[in-house]
Amino acid sequence: MTLSKDQALNIAQVLSEALPYIQRFTGKTIVIKFGGNAMETDELTNSFARDIVMMKLVGINPVVVHGGGPQIGNLLKKIGKESEFIEGMRVTDSETMDVVEMVLGGLVNKDIVNLINNHGGKAVGLTGKDGQMILAKKLKISRNAPGMNEPEIIDIGHVGEVEKVNVDVINMLVNSDFIPVIAPIGVGADGASYNINADLVAGKVAEALKAEKLMLLTNIAGLMDKQGKVLTGLSPSGVDELIADGTIYGGMLPKIQCALDAVKDGVVSAHIIDGRVPHAVILEIFTDAGVGTLITSENL
Ligand SMILES: Nc1ncnc2c1ncn2[C@@H]1O[C@H](COP(=O)(O)OP(=O)(O)O)[C@@H](O)[C@H]1O
Ligand SMILES: CC(=O)N[C@@H](CCC(=O)OP(=O)(O)O)C(=O)O
């Protein structure tokens with residue numbers, strides 16, 4: 001392919017624009033959450049894998065946490081089970097937990113590992129059970145029911161919240177130039193498996209690693225207002241208002257919560273970005289084009 005002079009200049013400009021970002025982020029850890037909805041096409045999964053390999057090659061330490069909600073839903077449907085979601089969390093009975101563990105720890109995790117390796121990276125897949133990396137306990141959801149004085153506690157089964165992230169395994173892999181790919185399954189003190197929302201795991205992993213960035217790749221342009229405008233730089237009270245008036249609901253609830261928690265606990269910035277855009281990861285990290293919703297400690 002022969003490039004015109006203008007095309008060549010444009011490419012050179014983009015590459016050169018990356019220099020200060022490479023200088024700034026080299027040696028730093030960036031946690032990227034790859035949502036199940038952002039894995040829609042081979043083009044997207046391949047561009048994601050290339051971006052991760054590129055980050056590693058320029059000296060950044062990527063740590064991938066993945067979801068797989070739609071993929072779990074598909075297998076459940078095949079065996080005749082429907083899922084119910086409460087506040088963005090899948091109600092998980094024992095049979096559903098087995099499917100979650102098979103799909104996330106098996107199929108989705110190994111697909112991502114394979115893709116990264118095919119693009120020249122060295123990925124290793126883990127669930128939170130490996131090395132007891134993600135210690136979890138049962139999540140209790142409380143809800144204010146109409147006509148009740150006390151909030152009711154809803155039991156949503158084998159759904160967990162992160163109690164502690166043991167970073168030893170992650171650091172061991174990163175220090176040996178591997179790229180950890182983590183499925184959001186936690187282990188209880190008694191060895192029980194817990195299904196944990198992948199955003200929450202990514203947030204806690206980023207906090208435990210004191211990461212530079214937490215990037216949440218999803219299937220929407222960012223956090224949006226009711227008119228569809230992307231919102232950025234929100235404070236916790238602004239977020240509370242948007243939750244109260246119903247602007248933020250469902251799968252966006254854990255995302256925004258973990259982004260706020262992460263920056264409160266030392267992660268420099270959290271980004272909710274559109275994983276439907278090919279190469280969304282490197283566009284965000286290496287170019288001046290800010291995409292999606294950004295939250296930093298200045299917003300707290
Ligand atoms: N204010 C909001 N702005 C954008 N998306 C929102 C908002 N409130 C709820 N959502 C929903 O959250 C979804 C993203 O969460 P989710 O489906 O769990 O994605 P993922 O699989 O990437 O974690 C969006 O597709 C949208 O339907
Ligand atoms: C408790 C809970 O809801 N767990 C999620 C785990 C996967 C996930 O979070 O996947 P996405 O990021 O693709 O939505 C689930 O069962 O779907």
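Counting convention: from 1, in listed order, for ligands and their atoms alike. It should be emphasised that the depicted structure is a prediction, and the values quoted were computed from it without experimental measurement.
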Exercise. Between T218 and ligand 1, which part of the residue brings a heavy atom under 4.0 Å of the ligand: side chain, backbone, both or neither?
Worked result: both
Seminar exercise, completed: Checking heavy atoms under 4.0 Å, the part of K33 that sits near ligand 1 is side chain
Exercise. Name the residues with a heavy atom less than 4.0 Å from ligand 2?
Worked result: K33, G35, G36, G67, G68, G69, P70, I72, G88, M89, R90, V159, N195, I196, N197, A198
Seminar exercise, completed: Scanning both residues in full, the closest heavy-atom pair of A211 with V31 reads CB-CG2, 4.0 Å
Seminar exercise, completed: Nearest heavy-atom approach of L216 to A202 is CD2-CB, 4.3 Å
Which is closest to [atom] by heavy-atom distance: [options]?
atom                    : options                : value
atom 7 (C) of ligand 1  : R276, M224, M252, K229 : M252
atom 25 (O) of ligand 1 : L216, N219, I256, I220 : N219
atom 23 (O) of ligand 1 : M39, K255, H66         : K255
atom 15 (O) of ligand 1 : G275, P254, G251       : G251

Problem set entry | N or O contact, G250 vs ligand 1, cut-off under 3.5 Å | no
Problem set entry | Side-chain ion pair, E101 and K129, N-O less than 4.0 Å | yes
For this session: Taking only Lys NZ, Arg NE, NH1 and NH2, and the carboxylate oxygens of Asp or Glu, determine whether K140 and D155 approach each other closer than 4.0 Å.
Result: no
Exercise. Mind checking whether L126 and L173 have side chains closer than 4.5 Å, heavy atoms only?
Worked result: yes
Exercise. Is there a side-chain contact between K138 and V159 (heavy atoms, below 4.5 Å)?
Worked result: no
Problem set entry | Distance filter under 4.0 Å to G222 heavy atoms, resulting ligand 1 atoms | 3 (N), 4 (C)
Exercise. Can you list the ligand 1 atoms lying under 4.0 Å from a non-hydrogen atom of T247?
Worked result: 1 (N), 2 (C), 7 (C), 8 (N)
Flag for [Y]-[X]: side-chain donor and acceptor within less than 3.5 Å:
X    : Y    : result
H271 : K213 : yes
T247 : D245 : yes
H158 : D93  : no

